[in-house]
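Notes follow the structure.
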Amino acid sequence: MIRSIVRGIGSALPRRIMKNADFEGMVETSDEWIAQRTGIRQRHIAADDETTASLGEAAARAALDNAGLTPADIDLIVLATSTPNNTFPATAVEIQNRLGMHHGFAFDMQAVCSGFVYAITTADLYIRGGLAKRVLVIGAETFSRILDWNDRSTCVLFGDGAGALVIEAAEGEGTIADRGILAASLRSDGVHKDKLYVDGGPSTTGTVGMLRMEGREVFKHAVGMITDVIEATYSETGITSDDLDWFVPHQANKRIIDASAKKLGIAEEKVVVTVNLHGNTSAASVPLALSVAVADGRIKKGDLVLLEAMGGGFTWGAVLLRW
Ligand code: UT7
């Protein structure tokens, strides 16, 4: 059977690093509160010349280099983002143009923090359906542009960045020993739409709007939702937490990551944590965490890796893959 295997990975971060202490003169907060409640120590914030498209392009180029490929080798770009450069056209198309790519097709996916998990699952279906052989799957965000910098309950949590994978078709045996994407489980439930949202949009206010969140409400649902979709991938494949080499969760809050790992019985040393470095970068968080763990030699070819994310909508999902 056809499997979608990872061929390359890359990332890009804005030049400017903002430390927790940098908020202390802006809103009533402290490095101690932010670090204790979230695990975040710093985040990258985009300058005016750094956009979702420029960060996405840089991550895509890094992933192509890592794969030993050029844009000519790519059939499809799927960009997960909730902070596009423009309402339309899709920022994926802008990235396609920046890469000098005038063949194939490109589109954006919007599932907020679950965007990358949705995007890689979608790319896998295009590959297995025969519509694409090689796909650039990108998660890129500039959440700093939709933050209310006077709201201490949200502005300290998010950051900007991008991560990208090149995935390609390869023959597999149809067993869990195969490399590539082995299982995915996606969910959404719009009953929660007002718990994490942006208070503007083209069809309502005609403005971009700002991020609003009932953090405690999101927290309350997160662990249960994350573990449900992960357990769905376990029952589909027969894989258990003991079989995993790496757990690469969405990086929103260290306490959510720890509670999810504990509930699933995943050993602490298998958990990749980058929320301290990047904050919550929404759809970029999982590929950014993957790129850190690949670059430092933790994730290696053949390793069994579990991805998960949960965010606005609510949306949530998990992907099991062998690197
Ligand atoms: O990626 C999408 C998913 N998003 C998430 O996963 C976020 C989920 N939620 C969370 O991570 C946490 O709920 C937060 C980090 C947002 C908040 O942590 P918490 O432990 O749930 O705190 P809380 O909302 O219950 O607030 C505790 C107190 C409040 O004061 P009172 O009402 O107890 O007097 C807040 O006003 O902390 C206050 N507070 C702050 N204090 C200092 C809220 N933000 C800050 C701040 N600095 N930045």
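In this chain, residues are counted from 1 in sequence order. When a ligand or atom number is given, it counts from 1 through the structure's own listing order. Note that the structure is predicted; figures quoted are calculated from it, not measured.
Close approach of ligand 1 to Asn253 is summarised as follows: ligand atoms under 4.0 Å from at least one heavy atom of the residue are 10 (C), 11 (O), 12 (C), 15 (C). When each atom of ligand 1 is checked for a heavy atom of Phe219 under 4.0 Å away, the hits are 8 (C), 9 (N), 10 (C), 11 (O), 12 (C), 13 (O). The distance from ligand 1 to the heavy atoms of Arg37 drops below 4.0 Å at these ligand atoms: 19 (P), 20 (O), 22 (O), 27 (C). Every atom of ligand 1 with a heavy atom of Met310 under 4.0 Å away is listed here by number and element: 1 (O), 2 (C), 3 (C). Near Ile256, meaning under 4.0 Å from any of its heavy atoms, are these atoms of ligand 1: 6 (O), 8 (C). Shown in contact with Ala252 at under 4.0 Å from a heavy atom are these atoms of ligand 1, numbered in order with element: 1 (O), 5 (C), 6 (O).
Residue contacts with ligand 1 include Thr38, since one or more of its heavy atoms lies under 4.0 Å from the ligand. Taking 4.0 Å as the cut-off, Leu157 counts as a neighbour of ligand 1 on heavy-atom distance. Residue contact check for ligand 1: Ala222 places no non-hydrogen atom closer than 4.0 Å to it. Put simply, part of Leu196 is less than 4.0 Å from ligand 1, judged by heavy atoms.
Ranking protein heavy atoms by distance to atom 35 (C) of ligand 1, first place goes to Arg152 NH2, 3.9 Å. Closest to atom 2 (C) of ligand 1, if we only count protein heavy atoms, is Cys113 SG, 3.3 Å. Among protein heavy atoms, atom 9 (N) of ligand 1 sits closest to Gly215 O, 3.0 Å. Remark: minimum distance from atom 32 (O) of ligand 1 to any protein heavy atom is reached at Arg216 NH2, 4.2 Å. Here the protein heavy atom with the shortest distance to atom 39 (N) of ligand 1 is Trp33 CZ2, 3.4 Å. The single protein non-hydrogen atom nearest to atom 1 (O) of ligand 1 is Asn280 ND2, 2.7 Å, given as residue, atom name and distance. Of all protein heavy atoms, the one closest to atom 4 (N) of ligand 1 is Val218 CG1, 3.6 Å. Given atom 18 (O) of ligand 1, the protein heavy atom at minimum distance is Arg255 NH1, 3.8 Å.
The proximity of Thr29 to ligand 1, defined as any non-hydrogen pair under 4.0 Å, involves the side chain as well as the backbone. Contact annotation for His250 and ligand 1: only side-chain heavy atoms (C-beta onward) come within less than 4.0 Å of the ligand. Residue Val27 does not touch ligand 1, judged by heavy-atom distances below 4.0 Å.
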Given Leu277 and Leu13, is the side chain to side chain contact (heavy atoms under 4.5 Å, CB included) satisfied, shown in steps? CA-CA 11 Å; Leu277 302 172; Leu13 289 160; over 6 Å; no
Stepwise, does the side-chain hydrogen bond (donor to acceptor under 3.5 Å, both in side chains) test hold for Ser185 with Thr233? CA-CA 6 Å; Ser185 175; Thr233 66; over 6 Å; no
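In this structure, atom 20 (O) of ligand 1 is in close contact with the protein, since a protein heavy atom lies within 4.0 Å of it. Protein heavy atoms are absent from the space less than 4.0 angstrom from atom 29 (C) of ligand 1.
Evaluated for a side-chain hydrogen bond (donor to acceptor under 3.5 Å, both in side chains) with Asn20, the options Arg43, Glu32, Arg41 yield exactly one hit, Arg43.
Ion pair Asp258/Lys254 flagged as a salt bridge, since at least one NZ, NE, NH1 or NH2 atom sits closer than 4.0 Å to an Asp/Glu carboxylate oxygen.
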